[in-house]
Undergrad: 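Questions regarding the structure given below will be posed in turn.
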Amino acid sequence: MEKHYNLHNGPEPAEFRQKLKIVIIFVIAVLSVILIRLWYLQIIKGDELRQRSENNAVRFRKIQPLRGLILDRHGTVMVDNRPSFDVLYMPTKGVDHDQLVQKLKDIYKTKSFEFAADQPFPKMMKSYLPVRLEKNVGMDKVALVETNALDLPGVYVDVTPVRLYVDGEVIAPIIGYTGEISREELEKSSEEYSPGDIIGKHGIEKVLDSYIRGKRGNELVEVNVYGKVIKNLGRIDPVSGANVVMTIDAHLQKAAWEAFEGQAGAAVVMDPRDGSVLSMVSLPSFDPNLFNSGIARDEWERLQKNPLNPLSNRAISGQYPPGSTYKMIVAAAALEEGIITPETKINCNGAFELGNHTFRCWKKGGHGAVNLHRALVESCDVYFYTVGKMLGVDKIAHYAKMFGLGEVTGIELPYERKGLVPTREWKLARMKEPWQLGETISISIGQGFNLTTPMQLALAYSALANGGTLWRPRLVERIELSDRTILKQFLPEKKSELKLKPQTISFLQKALWGVVNEPGGTGARAKRPGADVCGKTGTSQVVALPQGDAARKMKKLAAVHKDHALFVCFAPMKNPEIAIAVIAENAGGGGGSVAAPIAQKILNAYFEGKKKGADLRSVPSHRQAAEKEKPPAG
């Protein structure tokens, strides 16, 4: 007997119906979760996610180049580069900028760090231009920012090169410093600069900036919603700047600085054979490394308001009465004009009478009857009062200008001043008054209206030392690439020639030798065995004092009113290879007692350096430091 099943009306198994119900409930639950999630993402979080998606975008970043090194004549690195870490913020949509900064401050507080704001947020921020929050932060802050990256969307650490000035204060007046380009500089410059670029602001850094600064690089990166780089899309590497090889000797530069022992003043050391500047110091100075991170306002005001003006390079912009160092020029004029001969004697009793006015000699009792040689050796004022009166102001001025005074020397640095060589015409035009004979008496010993710079004095005595050639002073030997390919060579350049008889030059050289080496010479404290130093002392008044014994007792002067001490020299007498001009400001002593010992220390450093094999002329300039690796872009 067959059994039949009703496929349409027969009952389904109970277990099948139960399983189907579970499947349907599960499907409905899953669909519900998906629908709820979609509703949440699209309705509740839609705007935020849309902004995050837009922020996951391409960013354009600049890469600062390494500035070229600055080396001394032997290849010693005087200016290098070091990495600096900056905290930057890439503007991110949907992020409250002020809240972000506050969050960064709160994170800092956990480690007791201060937030050193580099600049305020601009009113209108562009998503592709980063804003620097802090500059030159330490590694502790770098680590803190990196470890809290998820809480600081758009904030990142960038690595840029900054200058490292070795012996900063010692070289600052020559080298200068760098800084971020200002809005005014950006508007005035014809170069291809952009905001944030680092440029030379002073000294060699400024003068040769187009060679030193290099070319910045660029890169395209993709960043995530937190502003962090997730992919590099392309990069143009920066090009390092060219290196500058100076004529300066770093060892001699430091020795000259230390010779002053903190005394305000300046010194120029020159090679009289070609005009190369071996050393140039100016005190007080400043630390150029302060400008790397953007100098603090209070520090800048301190430098600006300092009455000693540490930002000024006294070697080229300090203008001083030359004092008795000027007597060499008056002597040259008198010999060339035939006013006197080397044998002409003039009696010095300690005073020179002109009308009802008495001009005193520095030696109260006088020097007696002296010829020109002894007048220079002992620096007799009365002798030169007499000779100056016979010459007249305009003839003295003619020879002073022949020696390069009264005009800029043409050195590469900015802000050089030309001093002053007075004439009748100058006074009439400037003061609307005729020249007075008493003024000629004053200028004949380097006082009165006379003004010179240490650089001019070094140049003038270098010309006498080398037989009559005035060289244009030079600080730079050459500009070269890292592979030593020379881009530009700075060769010796003649300015002019002294139109003096050979016998006049020879006579003056011997007299200046006597100043240092003969009994009674005022420059004895510059003497160096075997070096044949030739020189001239000088003392210049800052304020005019009444003549007579009463004046000599008025020594309780303010420091800024004390006399300047000067000494100018060259060595050796035959085939001179070094010339030095020293001025010690408000020293209160004479050139022989204050400035000459400073010059002697510089001479010692030079000649002892030669003994050790550091010939300042024969050693070629080359790089001793290995090429530094480029810092990462961040």
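As the structure is a prediction and not an experimental result, all values here were calculated from the model.
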Undergrad: Can you check whether Ile174 reaches Leu475 side chain to side chain, under 4.5 Å on heavy atoms?
TA: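 Ile174 vs Leu475: side chains touch.
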Undergrad: Pick one: which of Pro161, Pro238, Ser240 meets side-chain contact (heavy atoms from CB on, under 4.5 Å) with Pro65?
TA: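 Exactly one candidate clears the test, Pro238.
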Undergrad: Looking only at side chains, do Gln102 and Asp98 share a donor and an acceptor under 3.5 Å apart?
TA: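 Per modelled atom types, Gln102 and Asp98 side chains form no pair under 3.5 Å.
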Undergrad: Within the distance-only criterion (no hydrogens, no angle test), does the side chain of Glu585 pair as donor or acceptor with the backbone N or O of Gln263 below 3.5 angstrom?
TA: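 Looks like no, no N/O pair under 3.5 Å.
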Undergrad: Does a donor on one side chain sit under 3.5 Å from an acceptor on the other, for Glu146 and Tyr156?
TA: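 There is no such pair (donor and acceptor under 3.5 Å, judged by atom type) between the side chains of Glu146 and Tyr156.
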Undergrad: Taking side chain as C-beta onward, heavy atoms only, is Val162 less than 4.5 Å from Asn81?
TA: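 With C-beta onward as the side chain, the pair stays apart.
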Undergrad: Hey, is CZ on Arg216 packed in by over 12 heavy atoms from elsewhere, all under 6.0 Å?
TA: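 Above 12, so yes.
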Undergrad: Check whether any side-chain heavy atom of Val476 sits under 4.5 Å from a side-chain heavy atom of Ile204, and report yes or no.
TA: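 Yes, their side chains come closer than 4.5 Å.
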Undergrad: After noting the C-alpha distance and the side-chain angles of Arg213 and Asp197, does the key distance pass the salt bridge (Lys or Arg N to Asp or Glu O under 4.0 Å) rule?
TA: CA-CA 9 Å; Arg213 74 171 185 266; Asp197 282 355; over 6 Å; no
Undergrad: Would you find a donor on one side and an acceptor on the other, under 3.5 Å apart, between the side chain of Asp72 and the backbone of Gly75?
TA: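 Yes.
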Undergrad: Please tell me if the side chains of Lys201 and Lys206 come closer than 4.5 Å, counting only heavy atoms from C-beta onward.
TA: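 No; the side chains remain at least 4.5 Å from each other.
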Undergrad: Please confirm whether the backbone N or O of Val170 pairs with a side-chain atom of Gln253, one donor and one acceptor, at under 3.5 Å?
TA: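 A pair under 3.5 Å: yes.
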Undergrad: Are any of the side-chain nitrogens in Glu608 or Lys611 under 4.0 Å away from the carboxylate oxygens of its partner?
TA: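 No, Glu608 and Lys611 are not salt-bridged.
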Undergrad: Taking all non-hydrogen atoms of both residues into account, name the closest pair between Pro288 and Tyr177 and its distance.
TA: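 For Pro288 and Tyr177, the tightest heavy-atom pair comes out as CB-CB, 3.9 Å.
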Undergrad: Show the numbers, then the answer: is there a side chain to side chain donor-acceptor pair (under 3.5 Å) between Tyr108 and Glu134?
TA: CA-CA 12 Å; Tyr108 278 0; Glu134 289 188 294; 2.5 Å; yes
Undergrad: For the ring pair His202 and Phe291, is the centre-to-centre distance below 6.0 Å?
TA: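 Centroid distance His202-Phe291: not below 6.0 Å, so no.
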Undergrad: Does the side chain of Glu205 come under 3.5 Å of the side chain of Tyr165 through a donor N or O and an acceptor N or O?
TA: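 Checked: Glu205/Tyr165 side chains pair up, N/O donor to acceptor below 3.5 Å.
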Undergrad: Is it the case that the side chain of Asn313 and the backbone of Pro173 share a donor-acceptor pair, with hydrogens and angles ignored and the cut-off at 3.5 Å?
TA: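 Yes; at least one donor-acceptor contact below 3.5 Å.
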Undergrad: Charged N to carboxylate O under 4.0 angstrom, Lys601 versus Glu261?
TA: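 The answer is yes: the pair qualifies as a salt bridge.
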Undergrad: Any sub-3.5 Å donor-acceptor pair from Ser317's side-chain atoms to Arg417's backbone N or O?
TA: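 Looks like no, no N/O pair under 3.5 Å.
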Undergrad: Less than 4.0 angstrom from a charged side-chain N to a carboxylate O is my criterion; do Asp151 and Lys103 meet it?
TA: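 Here Asp151 does not pair with Lys103 in a salt bridge, since their nearest N and O are not under 4.0 Å apart.
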Undergrad: Taking atom types as modelled, find out whether Asn218 and Arg235 have a side-chain donor-acceptor pair closer than 3.5 angstrom.
TA: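 The criterion, which ignores hydrogens and geometry beyond distance, is not satisfied for Arg235 and Asn218.
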Undergrad: Heavy-atom count around Glu114 CD within 6.0 Å, excluding the residue itself: above 12?
TA: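 No, because the 6.0 Å sphere around CD of Glu114 holds 12 heavy atoms or fewer from other groups.
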Undergrad: Let's go through Lys610 and Glu577 carefully: what are the C-alpha distance in whole Å and the side-chain angles of both, what is the deciding distance for side-chain contact (heavy atoms from CB on, under 4.5 Å) to 0.1 Å, and is it a yes or a no?
TA: CA-CA 11 Å; Lys610 283 193 65 178; Glu577 55 191 76; 2.7 Å; yes
Undergrad: Does any N or O in the side chain of Ser312 come within less than 3.5 Å of the main-chain N or O of Asn309, such that one atom is a donor and the other an acceptor?
TA: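 Judged by distance alone, no pair lies under 3.5 Å.
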Undergrad: Do Leu186 and Arg183 have side-chain heavy atoms sitting under 4.5 Å apart?
TA: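 Counting from C-beta outward, Leu186 and Arg183 never come under 4.5 Å.
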Undergrad: Within the distance-only criterion (no hydrogens, no angle test), does the side chain of Gln319 pair as donor or acceptor with the backbone N or O of Gly419 below 3.5 angstrom?
TA: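 At least one qualifying donor-acceptor pair exists.
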Undergrad: Assess whether a salt bridge exists between Glu480 and Lys488, defined as any Lys/Arg side-chain N lying under 4.0 Å from an Asp/Glu carboxylate O.
TA: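 No, this pair does not count.
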